[in-house]
Amino acid sequence: MRRPFSVLLMLALVLVANGTAAIVAVPAGDWEIPRRQMVAAIREDVIATRAYIGRKTLRDEVLAAMERVPRHAFVPQEVMAAAYENRPLPIGHGQTISQPYIVALMTDLLEIQPGDAVLEVGTGSGYQAAILADIGASVRTIEIIPELFREAQARFKQLGYVRVQSRQGDGYYGWPEAAPFDGIIVTAAADHVPPPLVRQLKNGGRMVIPVGHRFGVQFLLLITKSLEGNVQTRQILPVRFVPLTGEH
Amino acid sequence: MSASAHEPEASPPLLGMALLAAAVLAYELLLMRLFAIVHWHHFAFMMISIALLGYGTSGTLLAMTGRFSAGRLRVVFAFGAIGFSLTSVLCFAAAQRLPFNALAFLWSPRQWGYLAGIYVLLLIPFLLAAIGLGAMLHHYDRRISRVYAADLAGAGAGAGLTVGVLFHLPPQTSLCIVAACAVAAVAAASWHWRKIDGRTAIALLAALGLVVVSGMKVAPRSRAAVNPYKPLAQTLRVPGARIIYEGHHPMGWFTVVANPEVPFRHAPGLSLNSDAPLPDQMAFFVDGQAMTVIDRFNAQPRTADYLKQCTPSVGLVLRPNARRVLVAGAGGGQDILRARAFGAQSVEAVDAHPLYARLLKGRLQAFSGFDRMQGAVRYHSTTVRAYLQSAAGVFDLIQLPMAGGSEMATFGENALWTVEGLAQLWGHLENDGLIVAPLWTRLPPRGGLKAFVTAWRMLEGQGVSQPKEHLAVIRNWRTAVVLVGRSPLRPREKQAVRRFCRQWAFDLVYLSDLHPEEANRYSVLARPMFAEGTRELAGEKRGEFIARYKYELSPPTDDRPFFDHYFRWKSSPEIASLRHSGGIALMDWGYPLLLATLIQAAALSLVLIGLPVWWQRRQHGTGVDESARRVTTLLYFTAIGGGFIFVEMVFIQRLSMFLHHPLMAAALALAGFLVGAGGGSIGADAALARGVSAPKLLPLALVAVIVIGWLAFAAMNALIHRFSGDALMLKLIVALALVLPLAVPMGMAFPLGIVTLTAKRSGLVPWAWGINGCATVLGAIAVPLLATQTGYAFIMKLALGFYAVGLVVILRFRGLNLN
């Protein structure tokens, strides 16, 4: 009589253990190698999607920043082991840190130069702002969730990102006193592009918005303002996929 | 082992059995609601399906521990029922604490661990209850028809009562009632057995007390445990956001959120060039998602200006000052305001969820400005198709709600977006009337193209010779709008569409005279995928294009009403290989996930069914006769378990098309089938008592299921048309008249099968009970998977095929003449 019960108990344990095995396997220590591997994965993704994203490779300074900025310092302890995997990670408060490939691509699409003024709406953990600052941009970043704002602010201070200024508040109206911006990055898409942000974009400037849910970006929306002030949008599928087959 | 051998339990405690069965079914329905709130609906479905394997597990345990449990029915039943009572609340509370996140499922291996944890936790209460119920069936195997009838009748009553309770109580509070019901089951059984003494009474009161205490701990937690990535949870993180109204209804948990500090800015399809301010808004959520808003309308002309600058307004641009507009799926009323902003004289707004109308006409009347619109706007709480069946007159314009855009909705049925649904709308248009159908778009295009081809197929079905002249499509970066004209669009109307797009920087996707260079101008894609797709779909080689497209674009029908189902097998290897290279959003993963669930459940079922056989062989060895009996039992109970659930699910779907009220259809079908089958089981008992032989009666019952099932299904399609416009009460009577005659012979199949196959071998009873449970679970998971591919008519054929297999198995078994 005891055997069947123990068999079932073992079955249950196997089921649970199967799922939890990945949780406890936490590597630690040297982050350089995983970071380089992460950048290598980004390079591979870029090569695979070059026909779609409109560039053969990402700019060296973007990849260099990805290789320098310590992503593990921007994620909670419990997911730190996965910090350099090419995937989004939860950071608490219902928010995520984006997939590194998407972060690199969005940064590249902004085409910013050292000294450019960049606005980020949705600081999150602060990783995207750190990448921008590492390239030499002067970054202003707004976060609406107070807890995330405080955590990111402390992180910027601790890691020495002096080029980043952050504030807590509603990003819909941008940062008018610092406008116009060479680049704007909105990390959480609404159902429309906030008109005040379009107005705060400098002529010749670029705005990037990822569209989709927090664990899956459907496409990137790139908004460009010509030197004459005309606005155009591009939708960029960040993956090599042709749904229309045959004679197209 | 039979009742006669163990006094005093000569007659079964039917009330106790029925109460426990009612509690279990109610628990299942409540968990479906609760997990739909906490997660997304198909995850709810998946979790509960697996957890129901508790039934299979109980059969296995009882089959393997027969000697122990046989002489201890009262203890085993009380253990099962009280155990269920306590764990139903506690295991739900524990499952809520696991941070399972459906959105991260494909990224994170630890999600599998959390999901497995939820399975195990939910399995416990079902297992305990099934042990109690199975022990009862096992013990009273000679009165099995009556016990089974009590089980079915109790489950049927549980289904009906749960829907009733959900009108008044939140599901998490209702859990306590379910738990108390299980305690009452023990009390009723003890009373029947005349075993209520002081000790039992104290034990029952203690159990009840524990249920109340644990319920009080659990009840307030359900809101806090909503998945943090669901829209409501995200909204509530914004400073200033607070829930100002919360209502429970069987159709969903309804919340209204206000935020005086950070305004909502819900404006689907708003132009990048917009210069209009957005008004104050309140947000409505159903089950923490499906956000719609209500605008503050203060009768100032500028209030609704922003709506004129959104893609969904293209129809009203063509029909300003419309005499009569129908706003389908009106929700919080944004489209009502849009119609009024364009000067619509009379607006009929329809939404199935009654709480929208109650709030707009009640406590939010001043905010919505509804009091100023009285006379011009009427809000109806019903489904759009039900409304149209009785609506008089025709409309200049029918504005549909936003559709598509969610990879979570694979198995969601959409009655509006079918060829027949669109045809019904089209039939209520003025001669120059328009249907305006906005959709969320995704890349690569899916919903927009499917909407286009569905409209095309509808127009063909209505005898329109040139569908291309009746259609127009525009888009911006997030939305698309399909326009369907009752008459061909006139040249000046096409020009008006072009002007509207030019003014607000929207892209033209389809007009019959569109030049390729007119498309893909504002929201530029690497290639004009939307325009290319619609052009192909409007061409001669439409079928070939649909066949080779990487997403499912076939037009949905009432038989296969899955508008948001885009999964195709042939594309899945390519998409799966891209999931970590920026391609995670390419996958509509509801389908593969449910398939994985089916495989998991099938593997578990095999183990559960195989264990007792292995155990039996190890203990006693098995003769040829015994093997044949086991194989027959396995095949027969798999067939009738699968057949029962298939029939039930087909009728739920068909009746929801007939009654146009999914919830009522589900309650009626569940209660009708379970109560009718209970009647059939009693009928079988009566026949056996009169000396009719079970092996002779059983094939007749199975033939009756096949014949009546076929007739009822054929008649249902005809009756849907015949009575579609009649009063609800008449339709309910017609629905019951279809269900009950079929349910009666279906209810005979299980008890007669038990008597025929397990005679003198009552050890087989719990095994058969477990097989039946496993088959039901597998069937419930398989139906949506199959229905998206084949439609429900095919499922019905399969169901009757299952019963035919059962018939063949029984006829062959009779021929074996086993001892």
Side-chain angles (χ1 to χ4, degrees), chain A residues 1 4 7-8 11-12 15-16 18-23 44-45 48-49 51-52 54 86-88 90 93-94 99 101-102 105 144-146 170 172 190-195 198 211-219 221 223 231-241 243-246 248, chain B residues 57 60-61 64-65 68 101 103-104 107 109-110 112-117 119-120 228-229 233-234 237-239 262 265-270 272 274-275 442-445 477-478 505 522-527 529 532-533 548-551 574-575 578 580-586 607 611 615:
Chain A
M1 230 243 328
V7 168
L8 283 170
L11 264 177
L15 266 175
V16 175
N18 185 35
T20 51
I23 302 170
E44 281 176 27
D45 285 350
T49 57
Y52 296 80
N86 192 12
R87 64 176 170 106
H93 312 289
Q99 184 183 7
Y101 163 60
I102 297 293
L105 183 55
I144 200 162
I145 299 172
D170 179 8
Y172 190 83
D191 53 37
H192 65 275
V193 180
V198 179
V211 178
H213 64 69
R214 297 200 173 274
F215 289 88
V217 172
Q218 281 181 34
F219 61 88
L221 185 70
I223 298 160
V231 175
Q232 193 182 44
T233 60
R234 263 181 66 200
Q235 289 173 260
I236 296 165
L237 192 65
V239 63
R240 184 174 176 272
F241 186 69
L244 306 158
T245 58
H248 297 279
Chain B
T57 315
T60 303
L61 286 177
M64 295 166 75
T65 61
F68 172 81
N101 176 21
L103 293 176
W107 288 112
R110 78 170 58 188
W112 290 92
Y114 295 140
L115 189 62
Y119 284 172
V120 172
Y229 302 98
Q234 297 276 313
R237 288 194 182 276
V238 176
V262 182
R265 297 155 184 130
H266 185 66
L270 185 67
L272 212 61
S274 173
D275 54 1
R442 294 164 68 190
L443 276 186
W477 61 278
R478 195 72 180 93
Y522 299 101
S523 292
V524 179
L525 292 159
R527 56 192 302 172
M529 288 190 277
E532 285 177 357
R548 70 169 187 263
Y549 200 70
K550 289 184 180 170
Y551 292 101
E574 182 186 357
I575 291 176
L578 296 170
H580 286 171
S581 309
I584 196 93
L586 294 173
V607 172
L611 266 177
W615 178 254

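Every chain is numbered from 1 and lettered A, B, ... according to where its sequence line falls, protein lines coming before strand lines.
For B:Ala233, no part lies near chain A; criterion is any non-hydrogen pair under 4.5 Å. Heavy atoms closer than 4.5 Å to chain B are found in the side chain of A:Leu221, but not in its backbone. Both the backbone and the side chain of A:Val193 come within contact range of chain B, with heavy atoms under 4.5 Å apart. Residue A:Pro194: no heavy atom, backbone or side chain, is found under 4.5 Å from chain B. For chain A, the nearby part of B:Asn101 is the side chain; its heavy atoms alone come within less than 4.5 Å.
Top candidate by heavy-atom pairs under 4.5 Å with chain A, chosen from B:Leu272, B:Leu443, B:Val238, is B:Leu443.
A distance of 4.0 Å separates CZ in B:Arg265 from CG in A:Asp170, rounded to the nearest 0.5 Å. Taking CG of A:Leu105 as the start and CG of A:Asp45 as the end, the distance is 10.0 Å to the nearest 0.5 Å.
Side-chain atoms of B:Arg237 come within 3.5 Å of backbone atoms of A:His93 as a donor-acceptor pair (strictly under, hydrogens ignored). No side-chain donor-acceptor contact under 3.5 Å links A:Gln235 to the backbone of A:Phe219.
Here the closest non-hydrogen pair linking B:Gln234 and A:Gly94 is NE2-O, 2.6 Å.
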